[in-house]
Amino acid sequence: MVGPLANPRARTVAILSIGACFGCSHGPPPDFAPAPSLVARIQGIEIVPTHRTVCPGQRMGASYLAILDDGSRIPFDHRYDRDNPPQLHVIMLNRTSPDAQPLEGGDWRANRDPMATVMSGFRLNAFLKADASLNAGTVVEPAYSCVEHNFAFSGRNGRRGETGENGPDVTVRLGVLASPFYGELLVAGVAVGEAMPYYVVYDADRIPPADWLTVESRGGRGGSGERGEAGAAGRAGASGCPGRAGVPGGAGGAGGPGGAGGRGGDVTIVAPAEDPFLAGLVEVRNPGGRGGAGGSGGSGGRGGAGGAPSRASCERGAAGPDGAEGPEGRAGRQGSHGPRPTILEVPAEDVFGPRIPARLQELIDYSMSS
């Protein structure tokens, strides 16, 4: 029988089909470039963000325009039609930013750390690949309505049958500063133990909600109890006519008790003496950890085999019954609730402590000079 590709016509159809799949992509080819005559007429480039402000971590839309020598503007298209290709496309731009990641199609992903852009905003740059001297830059102001304000920490869970660790010590520092974008900016640093704090910010011109910042330091869960020991196997029955019954298996041991949950952690709130009400913006939760589950009971021992018959005409003895499974261990108790938060009122210049990261120091310096 002749195979389908042995037919010249079938082979032609196959080649056309393979060629057609190369046109399946919706994007422009990598070497897609503007006409040199058009590049010669471009006097500048403009970046137009979709929104005036954006939250850290969010996606930013933007459009791009080429300004021609007659004052007219041509957009850099985000889409591509190979049957009617645009004069300009965003692929013709080299987009860079120290504060955002360029995404396919012309959009950006804002830096997630709010302190990284608190002084600079989100700086966006675009360069025409065909002529890098044709470039543009813009700044998108940061917004903080979507910044996460809930923090939860817990002590380590206990090992087998052991008590869970207490919730970690947490320190919250709050102050009101100023930035190039906000006359009053509420800044909170949340630190666990001796670790560097994580900072969150909020537009203080808007009234922050009660319990604006939630901090939880939960005790660790108690460890599960040890499994009970398995029961001893029963001895085999003695031989005889008939054989003697096997000895019952021993009962399984009781499971070990679960460990107690750890105590809730200590939380300290540091607020400026000039604005002590800031401490009231923090809701503290420090519950004890859950007790560990009791260990499972040990399995019962297997009953002993029946005794062998002493003569062929005799019957074998009955096997002994298996031992009972041991009872489950007692569950560990709930850990105790942590103490009420400690509130410290200090001078405003001492609120954020001795270890201040560079970005926060810039913010403090700007606040003092403004």
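All of these numbers come straight from a predicted model, not from anything done at the bench. Only heavy atoms go into these numbers, but all of them, side chains included; no hydrogens, no water, no symmetry mates.
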> Can Val201 and Met115 be said to form a side chain to side chain contact (heavy atoms under 4.5 Å, CB included), step by step?
Replying inline: CA-CA 8 Å; Val201 293; Met115 290 302 293; 4.1 Å; yes
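Within 6.0 Å of the CD atom in Glu315, the count of heavy atoms belonging to other residues, nucleotides or ligands does not exceed 12. Open room surrounds CZ on Arg235; 12 or fewer heavy atoms of other groups in view lie less than 6.0 Å from it. For Arg41, the CZ atom sits in a packed shell: over 12 heavy atoms of surrounding residues, nucleotides or ligands are nearer than 6.0 Å. Environment of NE2 in His337: crowded, with over 12 heavy atoms of neighbouring residues, nucleotides or ligands closer than 6.0 Å. Around CD of Glu229, the count of heavy atoms belonging to other residues, nucleotides or ligands within 6.0 Å does not exceed 12. Heavy atoms from other residues, nucleotides or ligands lying under 6.0 Å from CZ of Arg156 number 12 at most. Within a 6.0 Å radius of CZ in Arg355, more than 12 heavy atoms belonging to other residues, nucleotides or ligands are found. Atom CD of Glu349 has more than 12 neighbouring heavy atoms from other residues, nucleotides or ligands inside a 6.0 Å radius.
Closest approach of Arg173 to Val351, counting heavy atoms only: NH1-O, 2.7 Å. Here the shortest heavy-atom pairing between Pro34 and Leu88 reads CB-CD2, 3.8 Å. Between Pro180 and Tyr366, the shortest heavy-atom contact is CA-OH, 3.4 Å.
In terms of hydrophobic clustering, with Ile, Leu, Val, Met, Phe, Trp and Tyr side chains grouped at heavy-atom distances under 4.5 Å, Val39 and Val90 are assigned to a common cluster. By the criterion of side-chain heavy atoms lying less than 4.5 angstrom apart, applied directly or through intervening Ile, Leu, Val, Met, Phe, Trp or Tyr residues, Leu344 is grouped together with Val282 in one hydrophobic cluster. Residue Met196 is not grouped with residue Val270 when hydrophobic side chains (ILVMFWY) are merged at heavy-atom distances under 4.5 angstrom, including chains of intermediate members. Linking Ile, Leu, Val, Met, Phe, Trp and Tyr residues whenever their side-chain heavy atoms come within less than 4.5 Å leaves Phe127 and Phe76 in two separate clusters. Residues Leu177 and Ile356 share a hydrophobic cluster, clusters being chains of Ile/Leu/Val/Met/Phe/Trp/Tyr side chains in contact below 4.5 Å.
For the atom pair CH2 of Trp108 and OG1 of Thr96, the computed distance is 6.0 Å after rounding to the nearest 0.5 Å. From Asn125, atom CG reaches atom CG of Asn94 across 9.5 Å, with rounding to the nearest 0.5 Å. Between the CE atom in Met92 and the CD1 atom in Ile45 there is a gap of 11.5 Å [rounded to 0.5 Å]. Going from atom CZ of Phe352 over to atom CG of Leu360 covers 5.5 Å, rounded to the nearest 0.5 Å. Note that the OG atom of Ser154 and the CZ atom of Arg290 stand 12.5 Å from one another [nearest 0.5 Å]. The distance from atom OG of Ser239 to atom CZ of Arg316, rounded to the nearest 0.5 Å, is 10.0 Å.
Of the possible donor and acceptor atoms, none in the side chain of Ser224 sits under 3.5 Å from a partner among the backbone N and O of Gly295. When atom types are taken as modelled, the side chain of Asp365 and the backbone of Leu363 share no donor-acceptor pair closer than 3.5 angstrom. A distance-only check finds no donor-acceptor pair linking the side chain of Ser179 to the backbone of Met119 [under 3.5 Å]. Under the 3.5 Å distance criterion, the side-chain polar atoms of Arg123 are left unmatched by any main-chain donor or acceptor of Val139.
Using a 4.5 Å heavy-atom cutoff, the side chains of Glu141 and Arg52 are in contact. In this structure the side chain of Pro357 reaches within 4.5 angstrom of the side chain of Tyr199, judged on heavy atoms. Contact annotation: the side chain of Val267 never approaches that of Thr342 to less than 4.5 Å [non-hydrogen atoms, C-beta and beyond]. With a 4.5 Å cut-off on side-chain heavy atoms, Val48 and Leu65 count as touching.
Between the side chains of Ser296 and Arg227, at least one donor N or O sits under 3.5 Å from an acceptor N or O. Judged by distance alone, the side chains of Asn150 and Thr214 do bring a donor and an acceptor atom under 3.5 Å apart.
When Leu186, Leu213, Ile269 are each tested for a side chain to side chain contact (heavy atoms under 4.5 Å, CB included) with Leu281, only one passes: Leu186.
Here the two rings, on Trp212 and Tyr202, have centers that are under 6.0 Å apart.
Ring planes of His78 and Tyr64: tilted class, angle from 30 to 60°.
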